[in-house]
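Written out below as structure tokens is the structure these notes cover.
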Protein chains: 2
Amino acid sequence: MADPKKHASLFLHEDSLHEAVELLFFAYRDFTGVADALLAEHGFGRAHHRVLHFVGQSPGLSVSELLATLRITKQSLSRVLKQLVEQGYVTSKVSGLDARRRELTLTDKGQDLQDRLAKAQQDLILSAYEQAEASSVDGFRKVMLGLIQEPLDRARFSASAPQPRSARNPSAGAGTHRPLDPRR
Amino acid sequence: MADPKKHASLFLHEDSLHEAVELLFFAYRDFTGVADALLAEHGFGRAHHRVLHFVGQSPGLSVSELLATLRITKQSLSRVLKQLVEQGYVTSKVSGLDARRRELTLTDKGQDLQDRLAKAQQDLILSAYEQAEASSVDGFRKVMLGLIQEPLDRARFSASAPQPRSARNPSAGAGTHRPLDPRR
DNA sequence: TTTTTTGGGTCAGCCATATTGACTTAATAT
DNA sequence: ATATTAAGTCAATATGGCTGACCCAAAAAA
């Protein structure tokens, strides 16, 4: 599948690529949109949602790991993280192993909000999966994985859609949805 | 495919949905990222890119049509549109049919920038398509279409991935990538 | 042990992008 | 003649990014 001569047979012409650009724009707009109302009720924005998501996904995550995943600066994170901690959605406690690190976890309140945010987005994804054929889901996964440039981010997703051997993380197991790796 | 009992057989469990949430986050982050450097060279941001894209896609588009597609307010658009017009990337001329409307088009300079922005994103999509199997592309399209909530936006994409009859726009032709519809 | 590096936090200021509400103008529709 | 529409503008505000400059404490390296 790495043969560039195959384009014509794959319908990988201008038009198909142009269409994909718009699909990404509209799909992402609506995907984020379904959580916005819920966030607004709490006076939060998408930045808060991302923190809730990744902390919920990897309890005990450190601030610097979170920064690396979000690709924002410490100063940008601190504003939203401070609000989440002060309002009791996230706890930050000193690590036992390395007292410089703060381990972030969701409180029950934070978990509850995150659950409701995740449900809104997952309901949308479920309906998209239901409208497509069963086989579409795997194709969707593979293309989305290919769009992720950073190998360490790709490595969060294991199972199918193998990357070229040269780019694979040999320690990535064969399970599902590998938790966050300590990195950077 | 609308039977909710089919979930187990489709692997539509919690985990698959959770994974899709993250795929969308990472893929969109990197998809937009590839255009950012180029935009920054011109002192532009993503808002400018979106205007260049949709005006390039539908020359003669009016301001209110553009507003409806972007889902932002007139005030938000006016700043970026003014810059694009003043710097010679976009032309705004009074419509012959309705003198209230302004028809927006790209200048050669604007088309050139838009071409380069589109190429950066299309190269990424192409590489994602190449890493996947040929059949994945159609699955990707179908799932992405299902994520688009607004029927009028879905109607921009014709060909495969039929929606339920009840939700289809009967006037949507069978060609590829239908241009913007006048609406709202 | 002294020094350097790392993880975290903070201050100040800036920029881009979005919002609401109010108002004007001109052109079209009723 | 009046109402509606399309576009533009003003002012004020919020959010979420950024840079640069610091500080502290803990851990790692010299």
Side-chain angles (χ1 to χ4, degrees), chain A residues 25 28-29 32-33 35-37 39-55 60-87 90-104 182-184, chain B residues 25 28-29 32-33 35-37 39-52 55 60-87 90-104 182-184:
Chain A
F25 169 76
Y28 194 75
R29 184 195 64 184
T32 52
D36 286 346
L39 287 164
E41 287 174 23
H42 296 258
F44 293 148
R46 288 178 192 172
H48 302 86
H49 186 182
R50 291 192 282 268
V51 171
L52 291 173
H53 174 94
F54 287 109
V55 173
L61 194 70
S62 75
V63 171
S64 59
E65 284 162 358
L66 184 53
L67 285 174
T69 301
L70 297 176
R71 296 248 186 106
I72 58 174
T73 59
K74 194 168 43 161
Q75 294 80 351
S76 297
L77 175 59
S78 84
R79 205 179 336 93
V80 292
L81 186 53
K82 192 189 284 183
Q83 289 177 278
L84 290 168
V85 171
E86 283 172 355
Q87 294 175 40
V90 171
T91 58
S92 168
K93 83 165 216 239
V94 173
S95 164
L97 294 166
D98 182 341
R100 290 171 304 180
R101 296 167 71 94
R102 302 300 143 87
E103 292 174 350
L104 304 173
R183 49 161 166 165
R184 279 174 264 208
Chain B
F25 169 75
Y28 194 76
R29 184 194 64 183
T32 52
D36 286 345
L39 287 164
E41 286 174 25
H42 295 258
F44 293 150
R46 288 179 192 170
H48 302 86
H49 186 182
R50 291 192 282 267
V51 171
L52 290 173
V55 172
L61 195 70
S62 74
V63 171
S64 59
E65 283 162 358
L66 184 53
L67 284 174
T69 300
L70 297 176
R71 296 245 187 108
I72 57 175
T73 58
K74 195 168 40 162
Q75 293 80 355
S76 296
L77 175 59
S78 84
R79 198 184 346 93
V80 293
L81 186 54
K82 192 188 282 182
Q83 287 177 281
L84 289 168
V85 170
E86 284 172 356
Q87 294 176 39
V90 171
T91 56
S92 168
K93 84 167 217 234
V94 173
S95 165
L97 294 166
D98 180 344
R100 290 172 303 179
R101 297 166 68 94
R102 301 300 141 88
E103 292 172 351
L104 303 173
R183 49 162 165 169
R184 279 174 265 210

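All values reported here derive from a predicted model rather than from experimental measurement. Residue numbers begin at 1 in each chain, while the letters A, B, ... track the order of the sequences.
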- [ ] Kindly give the heavy-atom pair with the smallest separation between A:T69 and B:F25, and that separation in Å.
- [x] O-CE2, 4.1 Å
Open item on the list: Looking at every heavy atom in both A:L52 and A:V90, which two are closest together, and how far apart are they?
Closed with: CD2-CG2, 4.2 Å
TODO: Specify the angle, to 10°, made by the local axes at the two ends of the helix from C:dT1-D:dA30 to C:dT30-D:dA1 when five pairs are taken at each end.
DONE: 30°
Whole angstrom is fine here: how far is it from [atom1] in [X] over to [atom2] in [N]?
X      : N      : atom1 : atom2 : value
B:H42  : C:dA16 : NE2   : P     : 16 Å
B:E65  : D:dT5  : CD    : P     : 15 Å
A:H49  : D:dG17 : NE2   : P     : 14 Å
A:R102 : D:dA27 : CZ    : P     : 11 Å
A:L67  : C:dT6  : CG    : P     : 15 Å
B:D36  : C:dT17 : CG    : P     : 10 Å
B:L81  : D:dA6  : CG    : P     : 16 Å
A:K93  : D:dA26 : NZ    : C1'   : 18 Å

Tabulated below should be each protein N or O lying under 3.5 Å from an N or O of nucleotides 2-4 of chain C; please produce it.
none

TODO: Please tell me which of the listed nucleotides, D:dA6, D:dG8, D:dG17, lies nearest to the side chain of A:R50?
DONE: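 Of the options given, the side chain of A:R50 lies nearest D:dG17.
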Task: Which nucleotide in C:dA18, C:dT10, D:dA7 has an atom nearest any side-chain atom of B:A47 - done: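 Of the candidates, C:dA18 comes closest.
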TODO: If a protein heavy atom is under 4.0 Å from the base, mark B; if only from the sugar-phosphate, S; if neither, -; do that for nucleotides 19-30 of chain C going 5' to 3'.
DONE: BBBB----BS--
TODO: Determine whether A:L84 and A:V55 make a side-chain contact, defined as any pair of heavy atoms from C-beta on separated by less than 4.5 Å.
DONE: no
Open item on the list: Are the side chains of A:V51 and A:L104 in contact, using a 4.5 Å heavy-atom criterion?
Closed with: no
TODO: Not counting sequence neighbours, which residues clear side-chain hydrogen bond (donor to acceptor under 3.5 Å, both in side chains) with B:S78? List them please.
DONE: none
Open item on the list: Could you work out, with side-chain hydrogen bond (donor to acceptor under 3.5 Å, both in side chains) as the rule, every residue matching B:S92, not counting sequence neighbours?
Closed with: none
TODO: With sequence neighbours left out, write down each residue that passes salt bridge (Lys or Arg N to Asp or Glu O under 4.0 Å) with A:R79, or none if nothing qualifies.
DONE: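 If we apply the salt bridge (Lys or Arg N to Asp or Glu O under 4.0 Å) test to A:R79, skipping adjacent residues, there are no hits.
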Task: By salt bridge (Lys or Arg N to Asp or Glu O under 4.0 Å) - contacts of B:R29 (at least two apart) - done: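 With neighbours one apart ignored, the set is A:D153.
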TODO: Sequence neighbours left out, what passes side-chain contact (heavy atoms from CB on, under 4.5 Å) with A:A47? Give chain and number order.
DONE: A:R50, A:V80
- [ ] Kindly write out the residues that satisfy side-chain contact (heavy atoms from CB on, under 4.5 Å) with B:T32, not counting sequence neighbours, or none if the list is empty.
- [x]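 For B:T32 the side-chain contact (heavy atoms from CB on, under 4.5 Å) partners, ignoring immediate neighbours, are B:Y28, B:R46.
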Open item on the list: At less than 4.0 Å, is any side-chain N or O atom of B:S64 found next to OP1 or OP2 of D:dT5? Yes or no.
Closed with: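 No.
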TODO: List for me each residue that meets ring pair (Phe, Tyr, Trp, His ring centres under 6.0 Å) alongside B:H48, sequence neighbours excluded, and say none if there are none.
DONE: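 With sequence neighbours excluded, B:H48 shows a ring pair (Phe, Tyr, Trp, His ring centres under 6.0 Å) to B:F44, given in chain and number order.
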